[in-house]
Amino acid sequence: MNPIAPIFYTEEYKDATDYFRGIVKSGETSSRVLELTEHIIRMNPAHYSAWQYRYKTLLALHSPLDEELRLMDALAIQFLKTYQVWHHRRLLLTALNSVPAAEAELAFIRRAVAVDTKNYYTPGRTDKELLEADVRNNSAWHHRFFVVFQSGVRKGDEDRELVLRRELAFTKEKIALAPNNPSAWNYLRGILEYTKTPFSTITTFVEPYASTSRSSTAEQEIVIDLENPYLRKEGGASTMKAVEIWRSLANVHDTVRKKYWEHRIKDALSSIQK
């Protein structure tokens, strides 16, 4: 077999993975397996199967998981943006189910975030601190949305209407600091869509921003939704307002997608004529 684009692994790596395949086939769980998987992971920290089998072996041997966490401290900093190392830590912490371990993990996360503030694999709830430091940190905005809306209801957040008002106020504050920041505008859109809140509820907040000559693509697009999310059905003035914004996007604010906006304009105008 002659692959078109072969991957040139080192002999050491090929030898280790050959042994690993044999171990997996036999179902062995031993200290030798832990040594082998660590060796493979240090050469290729993204080797999902090595991580998975290592965790299975740790549980089978009743190995001290807190010691495994200390090893992960070194690996997590060395391979900071490797998803697998953070997933492994999450599994270990879940299995430990320990308050001291959780407290130690939060302290470690703060150190890890200090190394790279945009590492969205780090499972720490420090998004507010990160956004205070850098309001354009898209990873922090992404993680905030996951924590607030997609990871269950945390203690103190049972009143979802109150949470909605808090997040809207927080986002508006950050938009005021950097109006051309698309991350905050996208977060605002996400809040409205997820909670099924009508876009019209923030019209008075958004329109002053979008009316300026320096408004961003994200601002312009959200104004179209504010005008009417069903422009084709409504037609008339709402559609013409959208066409005006699309033209500014095509010619000034978002020229990379010029053909796309021209298509939207053509489609909208043809719907009026029908």
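In what follows, every heavy atom counts, from backbone to side chain, and hydrogens, waters and symmetry copies are set aside.
- Under a cut-off of 6.0 angstrom, the local environment of OH in Tyr19 is sparse, with at most 12 non-hydrogen atoms contributed by other residues, nucleotides or ligands.
- The shortest distance between side-chain heavy atoms of Phe108 and Arg70 does not fall below 4.5 Å.
- Side-chain N or O atoms of Glu38 include none that pairs as donor or acceptor with a backbone N or O of Leu36 at under 3.5 Å.
- The shortest non-hydrogen separation linking Val148 to Arg160 is O-NH2, 2.7 Å.
- Remark: the backbone N or O of Val135 is paired with a side-chain donor or acceptor of Trp141 at under 3.5 angstrom.
- Looking only at atom types and distance, the side chain of Gln150 has no donor-acceptor partner in the side chain of Tyr194 under 3.5 Å away.
- Pairing each heavy atom of Ala184 with each of Ile175, the nearest pair is CB-CG1, 3.6 Å.
- At least one side-chain heavy atom of Asp73 sits less than 4.5 Å from a side-chain heavy atom of Arg89.
- Distance CG/Asn138 to NE2/His143: 13.5 Å, rounded to 0.5 Å.
- Going from atom CZ of Phe149 over to atom CG of Leu164 covers 6.5 Å, rounded to the nearest 0.5 Å.
- Residues Leu93 and Ala101 come closest through the heavy atom pair CD2-O, 3.8 Å.
- Using a cut-off of 4.0 Å between Lys/Arg side-chain N and Asp/Glu carboxylate O, Glu132 and Lys174 are scored as salt-bridged.
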Chi angles and distances behind the side chain to side chain donor-acceptor pair (under 3.5 Å) call for Tyr55, Glu68: CA-CA 10 Å; Tyr55 181 68; Glu68 178 74 0; over 6 Å; no

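- Below 30°, between 30° and 60°, or above 60°: for Tyr187 and Phe145 the angle between ring planes is above 60°, a perpendicular geometry.
- Scanning both residues, Phe20 and Ser49, for their nearest heavy atoms gives CZ-O, 3.5 Å.
- Here the side chain of Thr82 pairs no donor or acceptor atom with the backbone of Val85 at under 3.5 angstrom.
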Glu35 vs Arg32, salt bridge (charged side-chain N to carboxylate O under 4.0 Å, His left out): CA-CA, chis, key distance, verdict: CA-CA 5 Å; Glu35 292 175 5; Arg32 183 177 73 155; over 6 Å; no

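- Atom CZ of residue Arg257 and atom NE2 of residue His263 lie 13.0 Å apart, to the nearest 0.5 angstrom.
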